[in-house]
Asker: 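Encoded as structure tokens, here's the structure I'll be asking about.
In each ligand, atom 1 is the first atom listed, and ligand 1 is the first ligand listed. All figures in this text were calculated on a predicted structure; none of them were measured in a lab.
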Amino acid sequence: MKRLGVNIDHIATLRNARGEFHPDPFYAAKFAKKAGADSITIHLREDRRHIKDFDVKKICSIKKLLVNLEISTNPKIVKIALKIKPDFVCIVPENRKEITTEGGLNLKKNKFKIKSIIKRLKKNDIRTSLFINPSVDDIQISKELNTDCIEIHTGHLSNLVKSKKKYSNELKKILKCSILANQLGIEVHAGHGLDYKTTRILSKFKTIEEFNIGHYLIGESIFFGLKKVIKNFKSIINKKK
Ligand code: PXP
């Protein structure tokens, strides 16, 4: 069975817009698990724009919930990850001005730093993953770095599909990289910009075991939950006294 990781950063973004407590990512994590999510992904960004430190602590304390914490290579963030010990860590690049994680890690440039972080995470029994572009070189470096998994950045593929452009070359690249990674004993995940269509396309690949999906999934759930919530309010305001 392929696994679905649900990224709930956007729940925190919505909560933070009001500076209050609702909607709480802690409940979102529990709710997503109950609904069938195989794991929950949260990204503790250096600027703390969505998930906060207390969210990580609370969400990681939920029993029998597999948590995938996305972190940059910033030593302070790595220290937090090693202290809280989530089940999984995915190392991602981080750029302060970006709206979302725009591309994969620059493994060539950050080889030694990442290798040492992976070593420390693995010593603490944390499953490691590297968020990378679909590049054969990066798969080979990932093997040298001894990561358990890689997550292929599917943003480019998603943009091509959404803008109805030719995407077969990008898809071939993803397939080639995922096959090579599997041959090297690395588990392959996919994430970024995935919607129903792109997920359907990628799920045909036996080589990809896990999908991490956030923005589209949370966006869709607004539409599918809206009916019930409007009904709730209509019944409250019209309740006979
Ligand atoms: N995987 C990783 C490593 C990410 O950084 C993100 C974005 O935070 C996602 C998956 C989810 O992307 P999206 O929100 O576009 O589904």
Asker: Determine, for Asp9 against Arg45, whether the closest basic-nitrogen to carboxylate-oxygen distance falls under 4.0 angstrom.
Answerer: no
Asker: Using a strict 4.0 Å cut-off to heavy atoms of Ile213, name the atoms of ligand 1 that fall inside it.
Answerer: 16 (O)
Asker: Tell me which protein heavy atom sits closest to atom 16 (O) of ligand 1, plus the residue, atom name and distance to 0.1 Å.
Answerer: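 Going by distance alone, atom 16 (O) of ligand 1 is nearest to Gly214 N, 2.8 Å.
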Asker: If I compare all heavy atoms of Val188 with all of Ala181, which pair ends up nearest, and what's the gap?
Answerer: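 For Val188 versus Ala181, the nearest heavy atoms are CG2-CB, 3.5 Å.
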Asker: Is Asp53 salt-bridged to Arg48, cutoff N-O under 4.0 Å?
Answerer: yes
Asker: I want to know if ligand 1 touches Asn212 in the polar sense, i.e. an N/O pair below 3.5 angstrom.
Answerer: no
Asker: Tell me whether Lys143 contacts the main-chain N or O of Leu184 through its side chain, where contact means a donor paired with an acceptor under 3.5 Å.
Answerer: yes
Asker: Checking side-chain hydrogen bond (donor to acceptor under 3.5 Å, both in side chains) for the pair Glu94/His43: CA distance, chi angles, key distance, verdict?
Answerer: CA-CA 10 Å; Glu94 217 174 277; His43 184 175; 2.8 Å; yes
Asker: Among all protein heavy atoms, pick the one closest to atom 1 (N) of ligand 1 and tell me residue, atom and distance.
Answerer: Glu151 OE2, 2.5 Å
Asker: Quick one: look up the protein heavy atom nearest atom 15 (O) of ligand 1 and list residue, atom name and how far away it is.
Answerer: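 Scanning the protein heavy atoms, the shortest distance from atom 15 (O) of ligand 1 goes to Gly193 N, 2.8 Å.
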Asker: Ligand 1 versus His153, non-hydrogen atoms closer than 4.0 Å: side chain, backbone, both, neither?
Answerer: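 Neither; no heavy atom under 4.0 Å.
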Asker: Rounded at 0.5 Å granularity, tell me how far CG in Asp195 sits from OG1 in Thr154.
Answerer: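 If we round to the nearest 0.5 Å, Asp195:CG and Thr154:OG1 are 9.5 Å apart.
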Asker: I'd like to check which ligand 1 atoms, numbered from 1 as shown, lie under 4.0 Å from a non-hydrogen atom of His10.
Answerer: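 Heavy-atom distances to His10 below 4.0 Å select 14 (O).
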Asker: Enumerate the atoms of ligand 1 whose separation from the nearest heavy atom of Val92 is less than 4.0 angstrom.
Answerer: 3 (C)
Asker: For atom 8 (O) of ligand 1, which protein heavy atom lies nearest, and how many Å away is it?
Answerer: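 Nearest protein contact, heavy atoms only, for atom 8 (O) of ligand 1 is Asn7 ND2, 3.5 Å.
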Asker: What is the closest protein heavy atom to atom 2 (C) of ligand 1, and at what distance does it sit?
Answerer: Glu70 OE2, 3.0 Å
Asker: Would you sort out whether Asn232 and Lys228 count as a side-chain hydrogen bond (donor to acceptor under 3.5 Å, both in side chains), showing the intermediate values?
Answerer: CA-CA 6 Å; Asn232 288 347; Lys228 171 85 176 114; 3.3 Å; yes
Asker: Please report which non-hydrogen protein atom sits nearest to atom 12 (O) of ligand 1, along with the residue it belongs to and the distance in Å to one decimal place.
Answerer: His192 CA, 3.5 Å
Asker: Please identify each residue that fulfils side-chain hydrogen bond (donor to acceptor under 3.5 Å, both in side chains) with Thr147, with sequence neighbours left out.
Answerer: Thr128
Asker: Polar contacts were defined as any N/O atom of the residue lying under 3.5 Å from an N/O atom of the ligand; does this apply to His215 and ligand 1?
Answerer: yes
Asker: Is the gap between the ring centers of His10 and His50 under 6.0 Å?
Answerer: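 Not close enough - the centres of the two rings lie 6.0 Å or further apart.
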Asker: Would you say Phe131 and ligand 1 have an N/O pair spaced under 3.5 Å apart?
Answerer: no
